[in-house]
Each structure stands twice: as structure tokens, then as C-alpha cells.
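Just so we're on the same page: letters track the sequence lines, and every chain starts at 1. Only a predicted model underlies this, so the values are computations on that prediction, with no experimental measurement involved.
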There are 2 protein chains.
Amino acid sequence: MTTPYQPPVEDYAFLYGQAFGLDLLERSTGGALTAGDATDVLAAAGDFAASVLAPLEELGDRQGAQLVDGDVRMPAGFAEAYRAFVEAGWVTAEAPESAGGDGLPAAVRAGLGEIWNASNAAFALCWLLTAGQIHALDAAASDALRETYLTKLVSGQWTGTMNLTEPEAGTDLGAIRTIATPNDDGTWSISGQKIFITWGDHDVAENIVHLVLARTPGAPEGAKGLSLFVAPRILVNEDGSLGGRNAVTTVAIEHKLGIHGSPTCVLAYEGATGYLVGEVGGGLAGMFVMMNSARTGMGFQATGIADRAYQRAAAYAAGRLQGPVLDRPAGTTIAEHPDVRRLLLSMSSDIFAMRAMGVYVGDLFDRAETDGTGTLAEFFVPILKGWATEDAVQITSDAIQVHGGMGFIEETGAAQHYRDSRIMPIYEGTTAIQSNDLVGRKVIRDRGRTAEQLFTLIDETSAALVASGDAVAQRVGERMQRAVSAARRATASLLAVSSQRDAFAVSVPYLMLLGTLAGGWMHALATVAVLSNGGDAARLTAADFYTAHHLPRVHGLAETVAAGEIV
Amino acid sequence: MTTPYQPPVEDYAFLYGQAFGLDLLERSTGGALTAGDATDVLAAAGDFAASVLAPLEELGDRQGAQLVDGDVRMPAGFAEAYRAFVEAGWVTAEAPESAGGDGLPAAVRAGLGEIWNASNAAFALCWLLTAGQIHALDAAASDALRETYLTKLVSGQWTGTMNLTEPEAGTDLGAIRTIATPNDDGTWSISGQKIFITWGDHDVAENIVHLVLARTPGAPEGAKGLSLFVAPRILVNEDGSLGGRNAVTTVAIEHKLGIHGSPTCVLAYEGATGYLVGEVGGGLAGMFVMMNSARTGMGFQATGIADRAYQRAAAYAAGRLQGPVLDRPAGTTIAEHPDVRRLLLSMSSDIFAMRAMGVYVGDLFDRAETDGTGTLAEFFVPILKGWATEDAVQITSDAIQVHGGMGFIEETGAAQHYRDSRIMPIYEGTTAIQSNDLVGRKVIRDRGRTAEQLFTLIDETSAALVASGDAVAQRVGERMQRAVSAARRATASLLAVSSQRDAFAVSVPYLMLLGTLAGGWMHALATVAVLSNGGDAARLTAADFYTAHHLPRVHGLAETVAAGEIV
């Protein structure tokens, strides 16, 4: 059952132009781009996604990527779709200007990220990883590497991967055992096994550039001893033409719960030729550039998968007749059953919060250099990644529930989102990794200053709502005020812990508290905007619902945070 | 990766003999059975489940049931396992004495239900549905039907199914269109299509007895016009021997997200011979007997699937080394990482609450006739079904999270539980159906009297904890006292609603509130028992954890309930 994908262009127009009280793009680009321009970009992307990517999503799931005689064969249509994606200019559009791309602002890339992932998350992962590598090479690669590799990634001719994980080195990168030894000609020889390599092999582009974390001879133990290398699938001649295969082979692809259209590879490096990126021992720093990009990208993926699941559920409910609906005329569909309506509003109001947060965080990054918003942007990365991916999994589960028994049948399509989504709270750093980053580096290290900066911003919005005179806005504002109190109590508890274990044992509840709170703030801001400028009254209903059904969780979470580790 | 199944016999020994302050079995059976006897039964069942059923679980998922030339072929080994299950006497053991079974008390059947479902949920569904039919026929069938059909179900020679759902009649049974017309010989002729028929066809027993809801000629519209019929897969001759095939065919089996080892059939009745059970028009009443049994059974299934997922995660975490663990010596496994420990305690403390509630509700049913506990038992049915199945899905998700990236790989086995579990909040009445039953029939109809009876019981336990002088017990008691206040506020909100929509729009949050609260009470009772009699100190840690991480959700849920429908 294929439900056409509806790109959320109207929501983005509202977010770019009104929700935050001004034209975000105009401000961040100094007038070079407007909200209207950004919306036009998303409308075009939405058309492409709905017509080219969405139709391949279920097929990608059913066929999956296959390993045939050592090479990965992608599902039918993926290669053509990738060529169309490149030819339409979407790769170059998102790449930074410094690397030869069009340099679309991060606030716009938030919308693009959602749209690619909503229409076909397995396909979108290829670009998500390539984009991360572009940022990493742009930050650290030599001119020669930029010329040979970065230009080809930015043009979309080649794709990129991220090679961190090994069988005994997942979260603990310090345990990486892959070795790179120097050759006489300045290149390096890489040997080792990497696992969980997304789009590690495929047949949609002519070459694949692997970005590999490896250990050099005599390097110190742990993460400090890691360096970063580029190792192409096919070697590149001096003149830029393609030569023979590099000594890296695809040993296996994983049989996964979801995202079957994305090949997850085990790669064996057996003396593969590699090129050092940056300095020896600078691997982790280089990789972090890529990881930050990938983590923010996960927030957009979460929004995308969640919205696609929601759209499917909403379409099913709007078309399904089943029994009389309480206080509604005969012929009313199940969408108006009180509990189905609850589920749909729960999903859509949470998705709006994610979407708005993606734009907000993108804008913070866009203004980091001019307005000093970088610290707050960094504060939000683990929140967006952790909270949005956890909530997205729940939303895909709710989408199944709306379908009733049909949701459990694969043909409906709802189950795919539930399967696909489950990897999100794991890859690019589990929720625990995000929450330890948040609590350790971003709350405890600065003694809660950035957190308090956020709370103060929320206070201002809440006060405006309480003073607004509108009944819905008032109760939204009051709920936000009580929620911020809970967040301040939780932050104080964290700052007062006597052992780091007490903090890390409740860091996920703390992250979920801040994510839920910040989601409420997005609704609060939208409410202020609608009250000021007029607009869709449904946005007030969404704010009312979110702050009655999602936001109150903060009260329980604050108690949990205060408890510390239970021993 | 096969993790051996460990039956939770010790927990049941504690629940039967100590947790509730006395020997539950001795009380309910008047001394005919003791907690020790019941524990022995579970130990034997556990051995059988671990050695015969658990080894088929992953194979059942991979092979799945297949439709071949109109007949369902079960995965390899299922037929042999079913014969062994029958020969070991487990079918007869659970059947009521009035139907020729051994009549094990419901409190013991709770443990058996968990064990069968933990070891192999797809397999267990066959018996779960058969057991429901045994109860329905025992309540309403004529002597002739009892002789021909009930005896064969109780002996395990034949299995039973439950035929309610049709393409346009899911939750709304009143829309059923299957027709039964009387034949001259007193039999009926059934025509129509039934969908989602669990174990609707298979090759593990020689015959299948379908219990079918159908409409008779001239019957009133809606649910009142439904009657209940027995229709065997293979017709039965006068002498009890098997004759030819009945006119019921398996048109298709569903391609499902999970429980692949359980065939979910589309059955076409084309003038199939049926036999009336009970009175014309009494179909729904008869089916409710079966549904109540199936709903309670779902609570046990939830506990079982959740516990198997937990066991797998705990075993993985206890064997996995990955990086240094905060404040722990080198060589400590990830099980001691603060967040992995949080996840494992979250799962295990919730599973204990479900398990205890299953025994508690079983005991209430066991004492319904002697001690008047029937109303409270009925009150708990939707709570156990709704809350335990929703939480079980989350637990299977947590089990994936503990595995990290490996959790997303099907070979690990964690993904299967996540897929299998997702049907539980849907079948046998969705969570919304449970919550409307709870709120409409069991709270609003009696003006909250039964709810208040429960709260008063909880008050007593909380007071005992607060007065205990033990620091952990005191804080558990205080948390329970605040939670009961939230529950009383939520109940008062429900009783004060001005429209039924305001109640039904928050009935799921209310159900989850009561389930979470009652789960806390189970821990509170266990804490009292451990303080009085000594015992495993880990039970205090579990109570402390549950009331710090799960119980505080009631505060947010109470706010949500008070909000009513958001319009």
C-alpha cells in the first residue's frame, strides 16, 4: 500500500519565516537568502523526493542490498535514482562553498535532511555519510587530497564512508586495532577489519572513498594513537583516472532488522593503500568533525522517518471506517475516535517539535561565527540526536497502533518504519553516549551555565504566553513554567552529585527531560508567532496537546534524575 | 546466538510463598496445593520449555509457517514439539476440572503462560487460543458438543481457534457479516471470510476446531445478532472418527512483522457445517469468556517475551568487554556501565512487576467465588493486558539498545523479540479497547469504588513501608504515597468529565498510570515480605529502582488525564 509522500513545505515556510519572530535565513545570510528562497529549495527537493526516492522505499526494503561474488548489488532503481539525485544538483547544493559546493545554510539542510530521509531513509544514508566526509576533508585534508578526492565527493561522482567500528571497538574507539604503516612513497598501508560500514560497497557510483581510523606504528595506546586516512575502493592514477582495485574487500553484509536498502558492510583491509588526512595522531579530532555532522543529521533522519510513519497512519485513519465514532455522525472515519486522535496528535505534535528544533539548531550553527551561538549549538547536538531518535522510534510504534491489526502486516508499510527507525538511537553514538556528552562536557563542565542560558530563553517565551490573554496560550505558558522548574531542579541535582556514576546513571533521563522541554519551547515559540501574526489555529491545538501529553513527562524525569544511581 | 532460556522459578517460589505474606496456593485451594507444589510444576514446565520449545524459537522465525497447496506447513520440529507438549500432559494440566482437565489454579497458569511464551511465543499461541476455546465451550456448549469437541481439545488431540475478525469488522464486532443458516438436521451452514485467525491452519494436530462468530437469518443488527458456532476443519462422524474436509479453506497466510512461527490465516467459509454453541444471539457473551481468558493470557505473554529479551540482553552485557567502566576495575563487562545497568534494572524491575501482577490477578480469580475478589480481578484484566503489553514492547526495545549495533543484526536474536512483541498491544483488543473497558465499565460505572478499593490496599502497604525504619523501604513507601495521590487525582478528574470523549481521549494514559502504580505496589509488597522474612536484598534494589524510574511517570500521566480531550 503506497501512500504518496507529502513534503512538509508549509511547516518549513512557517519555521523559516515566522516561528522564531523573524526571517531566519535573512538574518543568518545577511540577506543573501530569504525564507521564501529556502522554502522554494525545499519544495523542489520535496518534488524530487516524492517522485524519485519515495517509490523505491518499499522495494529497497523487500529486495535489500545483496552481496554477489564480493560486490554489493543495490536494489533495482537505486543507481538511477542516485544519478538523478546528483544531476539535479542536490549533492553540490549541500556541500560547503569552501569545498566547491553551493553552501546552503544548515537551517535549510535540516529540511533537506528530513525530506531525503522521509522519502527513503536507506537511500539517504549514502549522502548523509558522504556529507560528513566532505566536512572532515574540508577541515583537514591536504590540497592534493582535496583535488583528488574532495572535488569528486562534492560533484557526486564518488561517495564516502566512515570507518570507525571494529568487532572489539564500538563505543570505545581507543580499542581500534587497524594498523597503517608508512610506505616509501608517502602513502600508507592499511590492514585490519572494519564492521558496520554503511554504504561500504555499492554499485551506484564509480568509486567509494573510505575515511578510516587506524593506528600508526609506535602510536600511544588509546584514542590519542589514532590517525585518519583516505582509502579509495578503486585506486586513483596521477591524472585522476581510475586504476585497479585497492586491497579492501567486502567480506559480508549484515542481515539487519531494517534499512535493508542500505548495505552495512564488513570490510577487510589487507595492505590497502591509504593517504593520511591531517596530522599523525589527529584522527579523532578529524573524525569528530564528521561525527557532529552525522549526529545532527540523525536528528533530521528521526524527523523524516517519524513523519513518513505519521503520514501513513494519518492516511489510513482518514480512510478507514470501523464502527460508530463517539459523538460523531455515521460515516466518520476512525481518525476521530478519541484514542486514534490522541495517537495522531501525539505523533504530529512531537514531529513538529523535532522539525522546529532541527531548524533552530541549524540556525545556531549558521550564526556561530557572527553571533556567538556556537556553544548553544553544540549543547543541542546530543539533545537533538538523542531525544529525537528515541521519540521517533515511539512514533513509528504509534503508527503501527493506529493501523490496528493491519499495522503488523508488512504489506501495509507501517512495519518498515518501525524496523528502520530502531537503529537511530544506536548509530552515530548511542543515546547513552549522547547523554554522557551532554551531562559530562556540556552541563557539569560549565557548571550548568549553558543550560541556564536555555532556561532563561524559555522563561521569556513562557512569560509572553502567560501575559497573552489567550486561554490556550496561557495554559501552555504555565505548563512551560512548571516544566522549566523541573529542569532547573534536575540540573541542580546533576551539579550536586558526589560521584560521576550518579550523573551517568541518570544522564539519559536528563537528556530526555531537556529534549522534551525544548520541544515544548518550540511549540511555545510557534504559539507566540501565531498569536502575533495570525496563522493556522491548528498550531495552538498542537501546542496545547504537546504540553498536556508530552511535556508533563519532565516531572517524572526530574524525580528520576534526582535519585542518582540505585545501588 | 542462542542464549539458553532460564525459567524464573525462584521468582515464582517467592511470589507463591512469600511476596503476598502467605502461601497463596494453600489459601486458594484450601490446602490441596502449596506454593512448593506450584513451584515444582513450574520447574518441570521450565525444563520442558528450555529443552523442547526454546530451541525452535529462532528457527520458527526464520522458516515461518508456509501455505503450500492450500495447507499450512509448520516450521520443522513444531509438530514433534506439540506432540511432546501434549504427551507431557501440559494441555490437560491447565484445562479446568469441569472439562476433564487437571484444573491448575489461575495463579499457576500465570507462571505456565509466561514460561511457554518466553520460550517460544509463536508456539505458545496455539495453546493460548485453544485454552480460551476450552473455557468458552465449558461455559456454554451442549453435552453433545462437549463429548465430541471439548474432550478432544482437553486431551490435546485437536487444537482450537477464535474466529472474530473480518476485513470490515475488527474492533467493531457488530459489523460481522459471516452468515450461519440453519440446515434441516440441526446443523448450520456458515459462509463468510474471517481474517487474522491465529493458528487457523497447521499440521501439528489431526484436527482444528474453529469457534466462529456469525449472524443468523433475521438476527438484529449489531453485536446482539451474533451467535457462536463450532466448525471443525475436518468433519467428525457420529462415532467420533474423522470424516471429510469441511467447507473451510485457508485462502492466505499473512506476511507479518513478527511471530512468523504462528500461522495467521485468512479463512473462507463456503457453506461450512457448524454447530451452535449456547443460544442463538448469545455469541458475544460466549466469546467474552474466551476473550477474558485470552486477555489475561496476553499479560503472561508480555511477561514472557519481555523476560526472554531481558535474559538475552543481560547475557550479552555480562559477556561483553568494551572500554573501561567508570569506577570499576579493568576487565569489567559493559553490564556495569551506568547506563547499561540502568537499562537492565529498568527491564528486570518492570518484568518483576508484571510477573507479580500476573500471579496476583490469577489469585484474585482463584478466590473469586470464595472471597468475593471477582470484581477486583475483572478490574485488573484490562490493566494487566494493556499496561504489560505496552511496557513489554519497550523492554524488547531496551534489549536491542543493550546490544548496541549488534542488536540491529537479526542473528543476535534481540530483534526477533522486538518484532514479535509489537502485536501484543493490538490483538485481543487494542490498548485503547482495554482502557475504554477500564474507564467506562470499571471506573465511571461504579463511580470509582473499585479503584478506591485498590488505592486503599496500596495505602496500607505504603504505610507499612514508611513505618519500617529501613531507609530504602521508607523512600519506596513515600514514593508510593505520592503516586497514589496522583492516581486519586486522575480518578477524580475522570469522574468529573462532562463528556465521554474527555474520558476516552485520556483513557490510555489513565490505564498506564494505574498499571505503573500497581506495578509499584507489587514491589512494595515484595519489600514488606523481604523485610519481614529476610530474603534476596536485590529485591529491595529492584523496588528502589522501579519507584525511582518507572513509578514517577504517574505524575505526568495524572496531568495528562486531567487535561481531557484537546480540541
Side-chain angles (χ1 to χ4, degrees), chain A residues 165 170-172 174-175 196 254-258 322-323 326-327 337-339 341-342 345 393 397 400-401 404-405 407-411 415 418-419 422-423 425-427 430-432 435 499-501 504-505 507-509 541 544-545 548-549 552-557 559-560 563 565-567, chain B residues 165 168 170-172 174-175 196 254-258 322-323 326-327 337-339 341-342 345 393 397 400-401 404-405 407-411 415 418-419 422-423 425-427 430-432 435 499-501 504-505 507-508 541 544-545 548-549 552-557 559-560 563 565-567:
Chain A
T165 306
T171 291
D172 180 26
F196 295 155
E254 304 290 356
H255 175 220
K256 305 191 300 293
L257 173 61
Q322 176 71 183
L326 193 61
D327 294 345
H337 268 303
D339 193 68
R341 196 165 168 275
R342 175 186 70 85
L345 275 170
V393 173
S397 181
I400 288 182
Q401 194 71 14
F408 200 64
I409 309 300
E410 287 283 0
E411 282 78 358
Y418 179 71
R419 290 187 286 99
R422 190 60 192 81
I423 188 60
I426 297 173
Y427 62 10
T430 63
T431 309
S435 68
S499 91
Q500 215 179 347
R501 284 192 69 96
F504 283 7
S507 59
V508 169
T541 305
D544 197 7
F545 187 94
H549 283 252
R553 288 194 193 119
V554 301
H555 302 298
L557 290 167
E559 288 212 18
T560 302
E565 186 168 34
I566 306 290
V567 289
Chain B
T165 306
E168 299 308 322
T171 291
D172 179 25
F196 295 155
E254 305 289 355
H255 175 218
K256 304 190 302 293
L257 172 62
Q322 177 70 181
L326 194 62
D327 296 346
H337 269 302
D339 193 68
R341 194 165 170 275
R342 176 187 70 85
L345 275 169
V393 172
S397 181
I400 288 182
Q401 194 71 14
F408 200 62
I409 309 300
E410 286 284 0
E411 281 79 359
Y418 180 70
R419 291 187 287 98
R422 190 58 193 80
I423 188 61
I426 296 173
Y427 63 12
T430 65
T431 309
S435 68
S499 91
Q500 215 180 348
R501 285 192 69 95
F504 283 7
S507 59
V508 169
T541 305
D544 196 6
F545 188 94
H549 283 252
R553 289 194 192 119
V554 301
H555 302 297
L557 290 167
E559 288 211 17
T560 302
E565 185 168 36
I566 306 289
V567 288

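- Your options are B/H549, B/R422, B/R419, and the one with the most heavy-atom pairs under 4.5 Å with chain A is B/R422.
- Side-chain contact between A/E411 and B/H255 is present, with heavy atoms from C-beta onward closer than 4.5 Å.
- Looking at A/P425, the atoms closer than 4.5 Å to chain B (heavy atoms on both sides) sit in the backbone and in the side chain alike.
- The closest side-chain heavy-atom distance from B/V567 to A/T541 is not below 4.5 Å.
- The parts of B/A432 that come within reach of chain A are both its backbone and its side chain, each placing non-hydrogen atoms under 4.5 angstrom from that chain.
- Applying the side-chain hydrogen bond (donor to acceptor under 3.5 Å, both in side chains) test to A/R341 and every residue at least two apart in sequence or in another chain returns B/E565.
- When B/A548, B/A415, B/S507 are compared by the number of non-hydrogen pairs under 4.5 Å with chain A, B/A548 comes out ahead.
- When all heavy atoms of A/K256 and B/I409 are compared, the closest pair comes out as CG-CD1, 4.1 Å.
- No side-chain donor-acceptor contact under 3.5 Å links B/E168 to the backbone of A/Q322.
- A/Q401 places no side-chain N or O within 3.5 Å of a backbone atom of B/I426 that could act as its donor or acceptor partner.
- Both the backbone and the side chain of B/S397 come within contact range of chain A, each with at least one heavy atom under 4.5 Å from a heavy atom of that chain.
- Looking only at side-chain heavy atoms (C-beta outward), B/Y418 and A/Y418 come within less than 4.5 Å of each other.
- For a residue to count as touching a neighbouring chain, one of its non-hydrogen atoms must lie under 4.5 Å from one of that chain's; by this rule A/A563 touches chain B with the side chain only.
- Among the candidates A/R342, A/H337, A/E254, A/H555, the residue making the largest number of heavy-atom pairs closer than 4.5 Å to chain B is A/R342.
- Take B/T560 and apply the side-chain hydrogen bond (donor to acceptor under 3.5 Å, both in side chains) test, not counting sequence neighbours, and it matches no residue.
- The choice from A/T430, A/V508, A/T431 that makes the most heavy-atom pairs within less than 4.5 Å of chain B is A/V508.
- Note: B/P338 leads B/P338, B/G323, B/G556 in heavy-atom pairs under 4.5 Å with chain A.
- In terms of heavy-atom pairs under 4.5 angstrom with chain B, the leader among A/G174, A/G258, A/A175 is A/G258.
- Not one N or O on the side chain of B/R501 forms a donor-acceptor pair closer than 3.5 Å with the backbone of A/D327.
- With a 4.5 angstrom heavy-atom cutoff, B/L345 touches chain A only via side-chain atoms.
- Heavy-atom distances place both the backbone and the side chain of A/F408 under 4.5 Å from chain B.
- Across A/D544, A/L326, A/D339, A/T165, the residue that shares the most heavy-atom pairs under 4.5 angstrom with chain B is A/L326.
- Contacts of B/F196 with chain A are made by side-chain atoms alone, with heavy-atom separations under 4.5 Å and no backbone atom involved.
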